[in-house]
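One structure is given here, and the rest of the page talks about it.
By convention in this document, chain letters (A, B, ...) are assigned in the order of the sequence lines, proteins followed by strands, and residues within each chain are numbered from 1.
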Amino acid sequence: MKFEKIQAPKGVREYLPPESQGFEWVREQLIAPAKEAGYQLMELPVFEDTNLFTRGVGESTDVVSKEMYTFEDRGGRSITLRPEGTAGVMRAVIEQNLDRGQLPVKVWYSGQFFRAERPQAGRYRQFYQVGIEAIGIEDPALDAEVIAIADRGFKNLGLKNYQLEITSLGDAQSRASHRVDLLAFISELNLDEETSNRAKINPLRLFDDKRPEMQAAMLKAPILLDYLSEESAANFAAVQRYLKAMRIDFTINPRMVRGLDYYTGTTFEFVHSDLGAQSGIGGGGRYDGLMETLGGQSLSGIGFGLGVDRALLAAIAESTLPSQEFSSDLFIIPLGELAKEEALVIAQGLRLSGVRTELAFGDRALKGAMKAADKSGARYVIVLGESELTARTVELKRMSDGVVTSIKIDQLQNELSRALSLSSNSQ
RNA sequence: GUGGGCGUAGCUCAGCUGGUAGAGCACUCGGUUGUGGUCCGAGAUGUCGCGGGUUCGAGCCCCGUCGUUCACCCCA
């Protein structure tokens, strides 16, 4: 009887060893700056009431209108796998009254998100993001800090071929007056049906059209930045000033368009140049009305989401992944039953003191075990046989050059700690 | 949702105008007593994605389907 193999669902990306080590590293590097800045973990469900997204993200967006994984649970409730992170954070903040405490609420999150799109390079139906949100305070310095944290994450990865683009979507008045002029401008253009439908949903989207003739046509379109109210303009100027003070490079892209409806004010995107069509590696911005829309008080927030999958692709493209980071320090090969027991005990002790230790299993021939040790990338190897057990002494072999030194088993921990720190200092 | 490319051993692929499958790498064992990376030798592995059709005969042609990949829409 042979059973058919079951495949992974379409569009999911799995990270298996050894690549998973790079993934784990990237995710940690991306979020570390947020932890250092006092943001705290918020662990949220991956599925939510569908209304959270239709109301929060906006029904007119592509994300909501055609990319959500929505299903009915056994109680007849409409449930959706989260397509982005901010709405869930806001829901939790409102539901648990976190906005009644000290502001801003500063949280980070990390996990899977889901969008039912056609898969493509760097675009998957299940993808990973890390993100932060800072809720309850309107201060351009906070905007600058949030951007700086995202930028630090990418710098932690060693990335160079990326660019930070910022703009401001202004306040409601700024957008309303710009919209009137933009619609007037667009009505003068000869648009095909599909495009003009898109314009009706959100005229700003036309700025993002990739067709050269559209780009050319939109060059003369009125720019939102020219319509900013005095206050919005001052805010945006301050954000730029702060970024410059922190020596964070950016360009102003007045034609930037974000896919989610809730953004207002400062908005930004990180774009990488080596990734093909899906070049956005992160983005975010301020959202003034979201909390109120979701039934909370009227507080503003700002946050970002960084794509872990794409950041990993970028790190691979720029060859910035560390290689030695992931391998063990020591590989123990026991020969015989007694040695096996002893090896387990020794390994436990060494691991407790921070020496990354692997064992050979399965009574393989010594040659095979040495091969396994070699492939593990371990920096040192010891063979534990009868003679070693009686002498309580092992030969510590350094794999890089094969040099062997004789060491008492009791001294193994000290010697290894010293040898490892010496060689890592000299790197 | 739309369009193009691709689907042959674990991996990367070859397979000429249709005649019932190969290479490299990886893997296992060995090159005499317990030491890896090089070298040499031996070995195992495929319903040629799946289903139909054309044909005396299909991995090669046709149709469908699934998957994959790239791009569009859109986005991390």
Side-chain angles (χ1 to χ4, degrees), chain A residues 2 4-13 16 26-27 30 57 60-67 82-86 110-131 150 154 194-195 197-198 201-202 205 208-211 214 256-260 269-272 275-284 304-314 331-336 339 360 362 364-388 394-404:
Chain A
K2 197 170 179 190
E4 214 172 310
K5 289 179 187 171
I6 297 172
Q7 298 175 306
K10 187 185 184 75
V12 302
R13 177 82 157 81
L16 311 178
V26 166
R27 182 160 56 178
L30 283 178
V57 177
S60 71
T61 61
D62 279 32
V63 168
V64 169
S65 64
K66 55 181 202 191
E67 296 170 2
R82 60 183 183 185
E84 60 93 53
T86 305
S110 167
Q112 289 96 327
F113 296 87
F114 307 86
R115 288 181 201 172
E117 302 173 271
R118 195 82 168 254
Q120 194 180 328
R123 190 175 71 188
Y124 312 110
R125 292 184 166 189
Q126 172 180 264
F127 56 98
Y128 293 81
Q129 279 190 7
V130 299
F154 293 126
E194 196 191 325
T195 311
N197 281 339
R198 202 140 34 96
I201 294 167
N202 182 353
R205 293 270 154 79
D208 215 22
D209 201 305
K210 287 188 182 173
R211 290 171 297 185
M214 273 305 296
M256 179 166 53
V257 183
R258 306 274 314 150
L260 311 178
E269 237 170 43
F270 291 86
V271 181
H272 198 273
L275 293 186
Q278 308 306 321
S279 55
I281 51 176
F304 63 66
L306 311 182
V308 182
D309 311 89
R310 289 185 188 173
L312 174 60
L313 290 174
F331 199 98
I332 303 178
I333 301 173
L335 299 174
R364 288 218 275 171
L366 180 59
K367 181 167 176 171
M370 279 304 295
K371 266 189 148 172
D374 185 38
K375 259 163 221 149
S376 79
R379 288 152 73 185
Y380 292 90
V381 171
I382 60 175
V383 175
L384 203 60
E386 281 177 35
S387 54
E388 285 84 359
V394 293
E395 294 195 326
L396 182 67
K397 179 166 185 173
R398 185 164 62 200
M399 294 300 269
S400 57
D401 54 11
V403 168
V404 169

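Across all strands shown, B:A9 remains unpaired; no Watson-Crick or G-U wobble contact has both distances below 3.5 Å. The pairing partner recorded for B:G3 is B:C70, the criterion being a Watson-Crick or G-U wobble arrangement whose two distances lie under 3.5 angstrom. Pairing of B:A26, defined by two Watson-Crick or G-U wobble distances under 3.5 Å, is not identified with any nucleotide. Pairing of B:G64, defined by two Watson-Crick or G-U wobble distances under 3.5 Å, is identified with B:C50. In this entry B:A76 has no Watson-Crick or G-U wobble partner, no candidate having both defining distances under 3.5 Å. Both distances falling under 3.5 Å, in either a Watson-Crick or a G-U wobble arrangement, occur for no nucleotide opposite B:G57. If you check B:C16 for Watson-Crick or wobble pairing at under 3.5 angstrom, you find it has no partner at all. In this structure B:G34 sits in no base pair that meets the Watson-Crick or G-U test at under 3.5 Å.
The CZ-P distance, from A:Arg125 to B:U69, rounds to 11 Å in whole Å. Rounded to whole angstrom, the span from the CZ atom of A:Phe270 across to the P atom of B:A76 amounts to 13 Å. Whole-Å rounding puts the A:His272 NE2 to B:A76 P distance at 17 Å. Rounded to whole Å, the distance from CZ on A:Phe331 to C1' on B:U35 is 12 Å. Distance, A:Leu335 CG to B:G36 P: 13 Å, rounded to whole Å. Protein atom CG of A:Asp62 is 11 Å distant from nucleotide atom P of B:A76, rounded to whole Å. Across the protein-nucleic acid pair, A:Leu260 atom CG and B:A76 atom C1' stand 10 Å apart, rounded to whole Å. Taking atom CD of residue A:Gln120 and atom P of nucleotide B:G5, one finds them 17 Å apart after rounding to whole Å.
Atom C1' of B:A9 sits at a distance of 36 Å from the matching atom of B:C72, rounded to the whole Å. Atom name C1', nucleotides B:A58 and B:G49: the rounded distance is 16 Å, in whole Å. Taking atom C1' in both B:G67 and B:G51, one finds a spacing of 15 Å when rounded to whole Å. One C1' atom belongs to B:C13, the other to B:G59, and the distance between them is 14 Å to the nearest Å. Rounded to a whole angstrom, the distance from the P atom of B:U54 to that of B:C62 is 15 Å. Nucleotides B:G46 and B:C6 are separated by 27 Å at their P atoms, to the nearest Å. Taking atom P in both B:C60 and B:C25, one finds a spacing of 29 Å when rounded to whole Å. Straight-line distance between the C1' atoms of B:C11 and B:A26: roughly 7 Å, to the nearest whole Å.
Residue-level contact check: A:Gly276 touches the backbone only, with heavy atoms under 4.0 Å from sugar-phosphate atoms and none from bases. Within 4.0 Å (heavy atoms only), A:Gly11 reaches sugar-phosphate atoms of the nucleic acid but no base atom. If you check every strand for non-hydrogen atoms under 4.0 Å, A:Ser400 touches a base. In this structure, A:Arg258 reaches the sugar-phosphate backbone alone: every heavy-atom distance under 4.0 Å involves primed, P, OP1 or OP2 atoms, never a base. Within the 4.0 angstrom heavy-atom criterion, no nucleotide atom of any strand lies near A:Glu84. Residue contacts for A:Ile281: at a heavy-atom cut-off of 4.0 Å it reaches the sugar-phosphate backbone alone, with no base atom in range. Using a 4.0 Å heavy-atom distance criterion, A:Thr61 is classed as making no nucleic acid contact. Residue A:Ala373 is classed as having no contact, given no heavy-atom separation below 4.0 Å to the nucleic acid.
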Identify all pairs in which a protein N or O lies below 3.5 Å from an N or O of nucleotides 28-30 of chain B, and state each distance.
| residue | atom | partner | partner atom | Å |
| --- | --- | --- | --- | --- |
| B:U28 | OP1 | A:Arg364 | NH1 | 3.1 |

Dump the pairs, protein N or O against N or O of nucleotides 2-4 of chain B, anything under 3.5 Å, distances to one decimal.
| residue | atom | partner | partner atom | Å |
| --- | --- | --- | --- | --- |
| B:U2 | O4 | A:Arg118 | NH1 | 2.6 |

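A:Arg27 places no side-chain N or O within donor-acceptor distance of the main-chain N or O of A:Val130, the cut-off being under 3.5 Å.
Listed nucleotides B:G34, B:C72, B:C74 differ in distance to A:Ala277; the shortest reach to its side chain belongs to B:C72. Between B:A71, B:C74, B:G34, one nucleotide has an atom nearer to the side chain of A:Glu117 than all others, and that is B:C74.
Under the side chain to side chain contact (heavy atoms under 4.5 Å, CB included) criterion, A:Gln112 pairs with A:Phe114, A:Gln126, A:Tyr128, sequence neighbours left out. Contacts of A:Arg398 classified as side-chain hydrogen bond (donor to acceptor under 3.5 Å, both in side chains), with partners at least two apart in sequence or in another chain: A:Asp401. For A:Thr86, the side-chain hydrogen bond (donor to acceptor under 3.5 Å, both in side chains) criterion is met by A:Glu133, A:Tyr262, not counting sequence neighbours. When the side chain to side chain contact (heavy atoms under 4.5 Å, CB included) test is applied to A:Glu67, the partners found at least two apart in sequence or on another chain are A:Asp62, A:Val63, A:Arg115, A:Glu117. Scored by the side chain to side chain contact (heavy atoms under 4.5 Å, CB included) test, A:Ser387 finds no partners at all (sequence neighbours excluded). Partners of A:Glu386 under the side-chain hydrogen bond (donor to acceptor under 3.5 Å, both in side chains) rule, at least two apart in sequence or in another chain, do not exist in this structure. Considering only residues two or more places apart in sequence or on other chains, A:Ala360 meets the side chain to side chain contact (heavy atoms under 4.5 Å, CB included) condition with A:Phe331, A:Ile333, A:Pro334, A:Ala369. With sequence neighbours left out, the side-chain hydrogen bond (donor to acceptor under 3.5 Å, both in side chains) criterion links A:Asn202 to no other residue. Residues passing the salt bridge (charged side-chain N to carboxylate O under 4.0 Å, His left out) test with A:Glu388, sequence neighbours excluded: none.
Side-chain atoms of A:Glu388 come within donor-acceptor range of the base of B:G34, with a qualifying N/O pair under 3.5 Å.
Inter-residue side-chain proximity for A:Arg125 and A:Pro119 is flagged as met; some heavy-atom pair is nearer than 4.5 Å. For the pair A:His272 and A:Arg310, the minimum side-chain heavy-atom distance is 4.5 Å or more. Within the 4.5 Å cutoff, the side chain of A:Gln129 has no heavy atoms near those of the A:Arg82 side chain.
Contacts between residues 307-314 of chain A and RNA chain B, defined by a heavy-atom separation under 4.0 Å, are made by A:Gly307, A:Arg310.
Of the two residues contacting RNA chain B, namely A:Asp374 and A:Leu275, the nearest-nucleotide position lying further toward the 5' end is that of A:Asp374. Each of A:Phe127 and A:Lys66 was matched to the nucleotide of RNA chain B holding its nearest heavy atom; the match closer to the 5' end belongs to A:Lys66.
Contact between the side-chain N/O atoms of A:Gln278 and the OP1/OP2 oxygens of B:A76 is not found at any separation under 4.0 Å.
Note that CG of A:Leu312 and CZ of A:Arg13 are 7.0 Å apart. Values are rounded to the nearest 0.5 Å.
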